[in-house]
Amino acid sequence: QVQLVESGGGLVQAGDSLRLSCAASGPLFSGYNMGWFRQAPGKEREIVATVNYDGGSTIHADSVKGRFTISRDDAKMTVYLQMDSLKPEDTAVYYCAARWRTKATNSPYDFWGQGTQVTVSS
């Protein structure tokens with residue numbers, strides 16, 4: 001069982017930066033692939049970025065590529081999402097999630113955090 005707690009959200013202006021953190025607790029954190037997702041009001045949840053269990057591979061959605069960066073620090077059991085050049089359309093609740101590394105890439109994530117709100121004003 002892995003518990004995930006997101007933090008770092010807030011209200012910012014367009015062009016500003018934020019860094020989201022996802023603190024994990026529980027065993028074997030280093031064996032999990034991690035992802036950041038977001039859900040805006042009235043929209044479906046979408047994937048933002050993923051990082052594999054050893055940090056050697058990252059994927060970013062086209063909508064955030066070049067502006068957002070996912071990373072992990074296994075010593076701190078934390079996953080980060082650095083968000084630069086924020087836009088109003090980035091406004092959403094951001095969630096982190098964990099999926100065991102041997103599971104298929106299209107399988108559901110095993111554990112989710114409660115989410116943190118990011119609001120970008122124009």
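Bear in mind the structure is a predicted one, so any value in this text is a computation, not a measurement. In what follows, residues are counted from 1 in the order of the sequence shown.
There is a side-chain donor-acceptor pair under 3.5 Å between Gln117 and Thr119. Residues Asp73 and Thr78 bring no donor and acceptor atom of their side chains to less than 3.5 Å of each other.
Residues satisfying the side-chain hydrogen bond (donor to acceptor under 3.5 Å, both in side chains) test with Lys103, not counting sequence neighbours, are Asp110. Residues meeting the side-chain hydrogen bond (donor to acceptor under 3.5 Å, both in side chains) test with Gln3, sequence neighbours left out: Ser25. By the side chain to side chain contact (heavy atoms under 4.5 Å, CB included) test, Ser85 pairs with Arg67, sequence neighbours left out.
When hydrophobic side chains of Ile, Leu, Val, Met, Phe, Trp and Tyr are connected at separations under 4.5 Å, Val5 ends up as a singleton with no cluster partners.
Among pairs with a residue in residues 49-122, those fulfilling disulfide (SG to SG under 2.5 Å) read Cys22-Cys96, at least two apart in sequence or across chains. Applying the ring-ring contact (aromatic ring centres under 6.0 Å, His included) test to residues at least two apart or on different chains, the pairs with a partner in residues 77-100 are Tyr32-Trp100.
When Asp84, Leu20, Val48 are each tested for a side chain to side chain contact (heavy atoms under 4.5 Å, CB included) with Phe68, only one passes: Val48.
Residues Val79 and Met77 are members of one and the same hydrophobic cluster, defined by side-chain heavy-atom contacts under 4.5 angstrom among Ile, Leu, Val, Met, Phe, Trp and Tyr.
The two residues Asn52 and Arg72 come nearest to each other via the heavy atoms O-NH1, 2.9 Å.
A cation-pi arrangement is absent between Arg45 and Trp36 under the rule of less than 6.0 angstrom and at most 45 degrees off the ring axis.
Between Tyr53 and Phe29, the distance from one ring center to the other does not fall under 6.0 angstrom.
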